[in-house]
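Computed from a prediction, not measured in an experiment: that's the story for all the values here. Here is how names work: the chains are called A, B, and so on, in the same order as the sequence lines, proteins then strands, and each is numbered from 1. As a basis for the values below, the full set of heavy atoms in this structure was taken, side chains included, without hydrogen atoms, waters or symmetry mates.
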Amino acid sequence: MPELPEVEVVRLGLEPAVTSATVTAVHVGDERALTRHAFGGAEFERALTGRVLAGAARRGKFLWLPLRRDRADAADEALIAHLAMSGQLLLRHPSAPPERHERVRISIEHPEHGELAVVFADQRTFGSLAIDPLVPTPDGAAGGLGTAEPTVPSQVTHIARDPLDPAFDDRRFRALLAAKSSGIKRVLLDQTVLSGVGNIYADEALWAARIHPETPARSLSTRAVNRLLAEIRAVLLKALAEGGTSFDAQYVNVNGQAGYFAHSLNAYGRTGQPCPRCGRPIVRVEFMNRSSHFCPHCQRVPRSH
DNA sequence: TATTTTACCTGAGGGC
DNA sequence: TGCCCTCAGGTAAAAT
């Protein structure tokens with residue numbers, strides 16, 4: 001499932017191919033891929049065709065390609081992509097046959113690399129594309145990784161900066177946690193608190209920081225929060241270096257290749273297997289209609305009194 | 001207001 | 001071989 005490292009791998013793959021390219025044609029094969037778009041498929045095709053792509057930017061799990069009217073203009077809108085669970089952005093030869101689960105195909109022409117197809121494929125159709133206006137960031141800092149412009153798409157304004165963003169505010173993060181009564185894992189998945197972390201990396205970071213997922217966020221000491229934040233950054237960077245986590249064909253880079261981080265998981269998906277730290281079995285519990293994996297020995301249940 | 005739950009969606013894989 | 005069931009989970013709307 002694409003979380004921050006997986007989306008960043010996709011962004012890095014897209015950036016050289018799309019920057020300064022012109023959209024020559026757009027085909028929407030399935031309008032369910034446009035649930036974030038305000039209008040229909042025909043309007044999407046018309047609005048995107050002829051635009052110049054200014055780069056590839058990311059905040060948390062949101063990806064966007066700023067759109068210029070022509071080469072001299074500043075970008076005023078962006079093509080947003082959210083991959084959700086099974087979305088993929090693939091770079092293909094213009095004559096490549098349709099992908100399995102292909103929803104949208106964007107044909108581009110790059111001044112140096114020639115013609116390419118950007119294909120959005122998505123088995124479970126939770127992901128989507130949209131054209132969205134760019135608005136200023138409240139703090140005046142760059143909107144995300146991969147852009148120097150202090151703007152974000154309007155649909156991304158409520159998404160917090162991610163922990164790899166140079167403008168991430170550690171103090172704000174500590175203050176938000178101190179005000180939350182919910183369990184820490186639930187808070188880590190709240191993209192308005194910090195973005196980019198999903199079920200896999202929440203379990204991994206909590207295991208590394210030796211914190212039980214149900215620990216009330218506000219009960220964590222400053223030292224514990226700092227340790228957790230450091231472990232979140234460490235696990236995201238390590239996963240990024242290994243090309244992301246792939247369990248099956250659900251997550252691949254722009255060339256259709258899987259990542260290797262699944263081999264480095266310590267807790268997620270390892271139900272019944274020994275904890276790499278203490279050797280006792282990892283347990284799985286139900287959590288928000290999904291799963292939490294942790295070591296009950298290393299990550300003690302919080303004591304209430 | 002803050003927090004929790006639900007709807008959305010498809011295919012892989014296991015049991016029989 | 002095929003049918004039925006469970007599971008995967010990010011986001012935003014709805015419910016509490």
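Judged by distance alone, the side chain of A:Arg233 and the main-chain N or O of A:Pro163 form a donor-acceptor pair under 3.5 Å. Distance alone, capped at 3.5 Å, places no donor-acceptor pair between the A:Gln88 side chain and the A:Ala121 backbone.
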Exercise for review: Before giving the answer on side-chain contact (heavy atoms from CB on, under 4.5 Å), spell out for A:Ile131 and A:Phe39 the whole-Å C-alpha distance, their side-chain angles and the decisive distance to 0.1 Å.
Suggested key: CA-CA 9 Å; A:Ile131 298 171; A:Phe39 307 102; over 6 Å; no

**Study point:** Test log, rule side chain to side chain donor-acceptor pair (under 3.5 Å), inputs A:Arg36 and A:Ser128
**Key:** CA-CA 6 Å; A:Arg36 293 173 184 280; A:Ser128 74; 3.2 Å; yes

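The interatomic distance linking A:Asp190 (CG) with C:dT11 (C1') rounds to 11 Å, in whole Å. To the nearest angstrom, C1' of C:dA8 lies 15 Å from CZ of A:Phe287. Distance, A:Tyr251 OH to C:dA8 C1': 18 Å, rounded to whole Å. Atom CG of A:Leu189 and atom P of B:dT4 are 12 Å apart (whole Å). Rounding to whole angstrom units, CD of residue A:Glu102 and C1' of B:dT10 are separated by 17 Å. Rounded to whole Å, the distance from CD on A:Glu31 to C1' on B:dC8 is 17 Å. Remark: C1' of C:dC7 and CD of A:Gln123 are 12 Å apart, rounded to the nearest angstrom. The separation between A:Arg218 atom CZ and B:dT3 atom C1' is 11 Å, rounded to whole Å.
At C:dT11, one or more side-chain N or O atoms of A:Gln191 fall inside 4.0 Å of OP1 or OP2 (strictly under the cut-off). Put simply, A:Ser291 has a side-chain N or O that comes within less than 4.0 Å of OP1 or OP2 on C:dA8. Contact between the side-chain N/O atoms of A:His82 and the OP1/OP2 oxygens of C:dT11 is found at a separation under 4.0 Å. Regarding contacts with the backbone of B:dT10, a side-chain N or O of A:Arg32 is found under 4.0 angstrom from either OP1 or OP2. The side chain of A:Arg100 places an N or O atom within less than 4.0 Å of a non-bridging phosphate oxygen (OP1 or OP2) of B:dA12. Close to C:dT11, at under 4.0 Å from its OP1 or OP2, lies no side-chain N or O of A:His158. The side chain of A:Arg36 places an N or O atom within less than 4.0 Å of a non-bridging phosphate oxygen (OP1 or OP2) of C:dA12.
Within the cation-pi definition used here (under 6.0 Å to the ring centroid, within 45° of the axis), A:Arg277 qualifies as a partner of A:Trp207.
With respect to the salt-bridge test (charged N to carboxylate O, under 4.0 angstrom), the residues A:Lys238 and A:Glu231 do not qualify. Contact check on A:Arg68 versus A:Asp73 returns no salt bridge, with no Lys/Arg side-chain nitrogen under 4.0 Å from an Asp/Glu carboxylate oxygen. Taking 4.0 Å as the cut-off between side-chain N and carboxylate O, A:Arg58 and A:Glu8 count as a salt-bridged pair.
Closest contact between the side chain of A:Thr125 and the listed nucleotides B:dC9, B:dA12, C:dG10 involves B:dC9. Between C:dG10, B:dG11, C:dA12, one nucleotide has an atom nearer to the side chain of A:Glu3 than all others, and that is C:dG10.
Mapped onto DNA chain B by nearest heavy atom, A:Arg186 and A:Met85 fall at different nucleotides, with A:Arg186 at the one closer to the 5' end.
On a pure distance criterion of 3.5 Å, a polar donor-acceptor pair joins the side chain of A:Arg290 and the base of C:dG10.
Contacts of A:Asp122 with the nucleic acid, taken as non-hydrogen atoms under 4.0 Å apart, are absent.
Residues of residues 175-184 of chain A having a heavy atom closer than 4.0 Å to DNA chain B, listed by number: A:Ala179, A:Lys180, A:Ser181, A:Ser182.
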